[in-house]
Amino acid sequence: MLTFRHTVAGESVTVNVPEDTTDLKLFWDWLNRARERGPIALDTETTGLNIYSAGYRLRTVQFGDAHEAWVLLYEQGGYHAQYAREAIPRCREVLIHNAAFDWLVLDEHAGIRLEDLAPHTTDTRILAALIDPRQPSEGGAGTALKPLSAKWIDPAAPDTQGGLTRVFNSLGFTKETGWAGIPLTHPTYLLYAGLDVILTARLAPVLRRELDRLGVRHQLVTYEHEIARICAVMQRAGLLVDQDYTSTLAGRLAEEAERYATVAARYGVTKVGSSAQVTEALLGMGERLTERTKGGALATDKTVLLPLADLDRDWQRIGARQPNALADAVLRAKRAGKWGKTYAEAFLANLSTAGRIHPTVSPLAARTGRMSVTAGLHQLPSSDHMIRRAILAEPGHVMVSTDFQAVEMRVLAALANVRRMKEGFINGGDEFDIHTYTAKLIKGENATPRHRKIFKGAGFGKVYGGGVATIAKQTGAEEAEIAQAVAAYDRAFPEIKRASSRWQRQAFQNRMVFISATGRRLPLDRDRTYSVVNYACQSAARDLLGQALLNIEGAGLLEYCRLPIHDEVLASVPQRDAEDIAREFQRCMSMDLYDVPITADPEIGGRSWGSLYGADY
DNA sequence: CAGTTCACG
DNA sequence: ACGTACGTGAACTGC
């Protein structure tokens with residue numbers, strides 16, 4: 001037995017590493033005693049983050065309580081792996097920090113089904129996110145194990161990740177290669193592996209007490225664990241990539257980026273990504289630049305360059321001026337470069353051995369509770385089918401996308417109890433459009449599509465907390481016109497302003513934390529408390545999506561789900577049942593929020609995701 | 001590592 | 001007193 005000692009919060013703790021079957025029997029005895037006393041903390045160390053990549057290995061499985069950890073050398077196989085596999089189902093209740101990762105690692109590499117482990121799991125990261133959902137950059141503690149341990153357990157808790165990076169470097173590895181390369185029995189590696197479970201075991205009761213103290217409903221905690229499991233199932237399924245198409249596309253985009261970069265170079269811009277170079281060259285050509293970035297420099301982003309290139313927001317010629325050839329080349333080089341690198345090449349780089357992408361789905365990523373997805377899959381261009389064309393439904397399947405209709409406006413109407421808005425949603429029928437309704441409400445039957453656009457801008461302004469100037473810039477309308485529209489909007493829907501004041505007042509009385517409709521804690525920034533309207537709407541919409549996912553699982557459709565996208569669920573469904581399944585998705589995503597109907601619209605596509613974006617594939 | 005830009009809902 | 005567009009992930013530049 002290898003044994004390490006460390007001090008946590010003034011107490012001596014032990015990390016045991018069994019070397020033979022005699023040692024493993026001691027582990028087994030400990031496990032049987034510990035599981036009677038309470039939950040067992042669980043963790044794994046692996047060769048990296050892409051669980052489905054070639055050569056991926058599960059290296060250690062750790063078990064522990066507040067004082068003792070056992071690091072099982074899974075990678076050695078034989079008895080070590082066997083004890084680990086048999087120990088996990090024996091734990092009645094497990095504690096994991098960021099459970100989805102370990103669920104999926106154990107599911108893929110140790111034969112422990114995530115469906116079996118998840119119902120017995122408490123995820124300390126979920127508990128932490130429900131106490132304070134903010135990232136460190138936003139003034140929160142964050143939800144990583146290290147800062148949470150430092151805050152709640154021991155200010156001197158070791159930085160096991162950062163500490164290992166230094167060890168990796170000293171052994172000639174990098175932060176990336178070290179996880180696979182470090183010798184399995186390196187003492188620091190084993191000590192830190194053990195400390196992680198000891199810290200998790202200590203964190204769980206402390207965070208639970210804090211949730212109780214804050215009055216966070218137990219129901220919300222349970223709900224988040226269900227959502228985490230559902231998102232992990234989608235991550236495990238992953239998405240099929242059309243590799244031939246994607247390779248060709250990556251090559252074509254690289255060539256295009258190169259071609260336009262050559263044009264830009266003729267004007268002295270050697271790097272199209274260098275804002276400083278672009279600014280200097282444009283000024284040298286006699287162009288006037290007025291927009292400023294947040295940092296105070298002259299801006300040369302898309303909104304600045306498009307007019308210089310005589311292009312509108314859809315990249316169509318305006319005919320108002322002679323296009324600036326440099327602006328045009330920079331725009332095109334950057335777009336081709338981004339699409340090629342961030343999407344096409346990233347798809348290929350992230351491929352699993354089965355030719356799939358398994359993006360990390362984080363169910364509680366944003367401070368509003370919104371989810372996030374890695375590998376660019378939440379940000380694929382929607383103006384063109386080219387990139388989404390690379391993602392395929394399963395053989396014999398088609399893509400089905402079902403999205404909520406104007407969900408944030410409906411949520412606003414429901415939460416702020418906006419009388420005339422609610423009337424519209426309740427009586428409006430299937431084809432109801434809130435922005436047309438608003439335009440007619442204010443302008444009468446003379447309302448034009450232009451009025452619709454203006455009041456749509458005003459509506460988004462309300463949900464986002466924007467002012468006249470921003471709405472004017474976004475819609476391209478005159479400030480005076482927008483000012484009138486916003487005033488009319490406020491008269492038509494006076495409840496919104498009143499709700500904003502009320503919600504800000506509630507937050508002030510609760511140490512700047514607004515409690516959402518589902519009991520979620522939403523901390524506000526003191527200098528922009530107006531954002532409470534957005535937080536309330538965004539987080540409620542997220543919780544409706546969560547409820548929809550529970551309904552979808554209840555209807556037996558989870559196996560078809562591929563991605564949650566804020567107000568949409570993307571699915572791959574058998575072609576011959578597509579109509580029926582699409583109707584079921586619609587049913588699962590239709591619900592009621594304080595009498596306001598939340599409705600959903602399913603779309604059946606072809607084999608590729610791109611087929612839902614205008615092309616017929 | 002901060003700043004800028006660009007892609008989405 | 002007044003007014004503030006919200007939330008992400010990712011690549012690249014330049015210090």
Side-chain angles (χ1 to χ4, degrees), chain A residues 133-135 137-138 257 261 269-279 291-306 330-331 333-343 345-346 349-350 359-362 364-384 386-388 401 403-404 406-408 412 457-475 482-483 486 497 500 504 522 524-539 541-542 545 563-570 613:
Chain A
R134 294 171 301 173
Q135 301 300 321
S137 59
E138 297 165 330
V269 174
T270 57
K271 288 181 177 176
V272 292
S274 169
S275 305
Q277 280 187 24
V278 174
T279 302
E291 289 295 309
R292 296 272 170 183
T293 66
K294 213 172 67 181
L298 285 171
T300 54
D301 62 18
K302 216 167 63 160
T303 59
V304 173
L305 296 185
L306 280 170
V330 169
L331 281 164
K334 280 170 80 172
R335 183 169 68 171
K338 182 178 181 68
W339 288 21
K341 268 263 180 301
T342 310
Y343 306 119
E345 287 180 34
N350 284 324
T360 301
V361 179
S362 304
L364 278 175
R367 63 188 295 176
T368 55
R370 255 197 179 186
M371 303 177 185
S372 81
V373 164
T374 62
L377 288 168
H378 259 180
Q379 289 93 5
L380 305 193
S382 55
S383 61
D384 189 299
M386 180 196 300
I387 299 295
R388 291 181 199 239
S401 160
D403 58 347
F404 287 135
V407 65
E408 290 197 357
L412 175 64
F460 274 111
K462 288 296 147 195
V463 175
Y464 291 145
V468 169
T470 324
I471 299 171
K473 205 190 276 178
Q474 285 296 320
T475 54
I482 295 296
V486 168
K497 271 197 163 172
S500 179
Q504 290 180 62
L522 302 173
L524 304 187
D525 296 339
R526 284 191 178 279
D527 54 346
R528 41 180 211 117
T529 53
Y530 64 90
S531 59
V532 72
V533 175
N534 181 260
Y535 289 4
C537 294
Q538 197 179 97
S539 98
R542 183 288 190 181
L545 183 79
L563 276 184
I565 315 171
H566 306 310
D567 63 350
E568 172 188 353
V569 176
L570 181 72
Y613 291 78

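Just so we're on the same page: letters track the sequence lines, and every chain starts at 1. Excluded from the calculations below are hydrogen atoms, water molecules and symmetry mates; all remaining heavy atoms, backbone and side chain alike, are included.
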**Student:** Just how far, in rounded Å, is P of B:dA7 from CZ of A:Arg388?
**Tutor:**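 Atom-to-atom, A:Arg388 to B:dA7, this comes out as 13 Å.
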**Student:** For every nucleotide of nucleotides 3-11 of chain C, 5' to 3': is a protein heavy atom under 4.0 Å from its base (B), only from its sugar-phosphate (S), or from neither (-)?
**Tutor:** -BBBBBBSS
**Student:** How far, in whole Å, is B:dG9 from C:dA5 if one measures between their C1' atoms?
**Tutor:**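 Straight-line distance between the two C1' atoms is 14 Å.
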**Student:** Please give, in whole Å, the distance from B:dT5 P to A:Lys302 NZ?
**Tutor:**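 Nearest whole value for this atom pair: 13 Å.
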**Student:** Rounded to whole angstroms, how far apart are CG on A:Asp384 and P on B:dC6?
**Tutor:**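 To the nearest whole Å, that distance equals 17 Å.
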**Student:** Distance check needed: B:dC8 P versus A:Asp567 CG, whole Å only.
**Tutor:** 14 Å
**Student:** Please report the C-alpha distance between A:Lys473 and A:Glu291 in whole Å, then the side-chain angles of each, then the deciding distance to 0.1 Å, and finally whether the salt bridge (charged side-chain N to carboxylate O under 4.0 Å, His left out) criterion is met.
**Tutor:** CA-CA 12 Å; A:Lys473 205 190 276 178; A:Glu291 289 295 309; 3.6 Å; yes
**Student:** Using atom types as modelled and distance alone, determine if a side-chain donor or acceptor of A:Thr470 lies under 3.5 Å from a backbone N or O of A:Gly466.
**Tutor:** no
**Student:** When you look at NZ of A:Lys334, are more than 12 heavy atoms from neighbouring residues, nucleotides or ligands closer to it than 6.0 Å?
**Tutor:**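 Yes, the 6.0 Å shell around NZ holds more than 12 heavy atoms from other groups.
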**Student:** Check nucleotides 13-15 of chain C against the protein and report each pair of N or O atoms closer than 3.5 Å, with its distance, or say if there are none.
**Tutor:**
| unit_1 | atom_1 | unit_2 | atom_2 | d |
| --- | --- | --- | --- | --- |
| C:dG14 | OP1 | A:Ser274 | OG | 2.5 |

**Student:** Please check: side-chain N/O of A:Ser362 versus main-chain N/O of A:Leu364, any donor-acceptor pairing under 3.5 Å?
**Tutor:**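 No; judged by distance alone, with no hydrogens or angles, the pair does not exist.
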**Student:** Let me know the distance between CG of A:Leu305 and P of B:dT5, rounded to the nearest Å.
**Tutor:** 9 Å
**Student:** Tell me whether A:Glu138 contacts the main-chain N or O of A:Gln135 through its side chain, where contact means a donor paired with an acceptor under 3.5 Å.
**Tutor:** yes
**Student:** B:dC6 P sits how many Å from A:Glu291 CD, rounded?
**Tutor:**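 Those two atoms, CD and P, are 13 Å apart.
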**Student:** Test your reading of the model: is there a side-chain donor-acceptor pair from A:His378 to the backbone of A:Pro564, 3.5 Å cut-off?
**Tutor:** yes
**Student:** Starting at CG of A:Leu563 and ending at P of B:dG9, how long is that distance when rounded to a whole Å?
**Tutor:**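 Taking atom P of B:dG9 as the reference, CG of A:Leu563 is at 13 Å.
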**Student:** Is A:Leu380 touching bases, backbone alone, or none of the nucleic acid, heavy atoms closer than 4.0 Å?
**Tutor:** sugar-phosphate
**Student:** Is a donor on one side and an acceptor on the other found under 3.5 Å between the side chain of A:Asp403 and the backbone of A:Asp567?
**Tutor:** no
**Student:** Check step by step if side-chain contact (heavy atoms from CB on, under 4.5 Å) holds for A:Met386 and A:Tyr613.
**Tutor:** CA-CA 9 Å; A:Met386 180 196 300; A:Tyr613 291 78; over 6 Å; no
**Student:** Checking the side chain of A:Arg542 only, and the main-chain atoms of A:Thr368 only, is there a donor and an acceptor separated by less than 3.5 Å?
**Tutor:** no
**Student:** Go through the steps for A:Asp525 and A:Arg367 under the test salt bridge (charged side-chain N to carboxylate O under 4.0 Å, His left out), then give the verdict.
**Tutor:** CA-CA 11 Å; A:Asp525 296 339; A:Arg367 63 188 295 176; 3.2 Å; yes
**Student:** Stems in DNA chain C: runs of 3 or more consecutive Watson-Crick or G-U pairs, distances under 3.5 Å?
**Tutor:** B:1-9 with C:6-14
**Student:** Is a donor from one side chain sitting under 3.5 angstrom from an acceptor on the other, for A:Ser500 and A:Gln504?
**Tutor:** yes
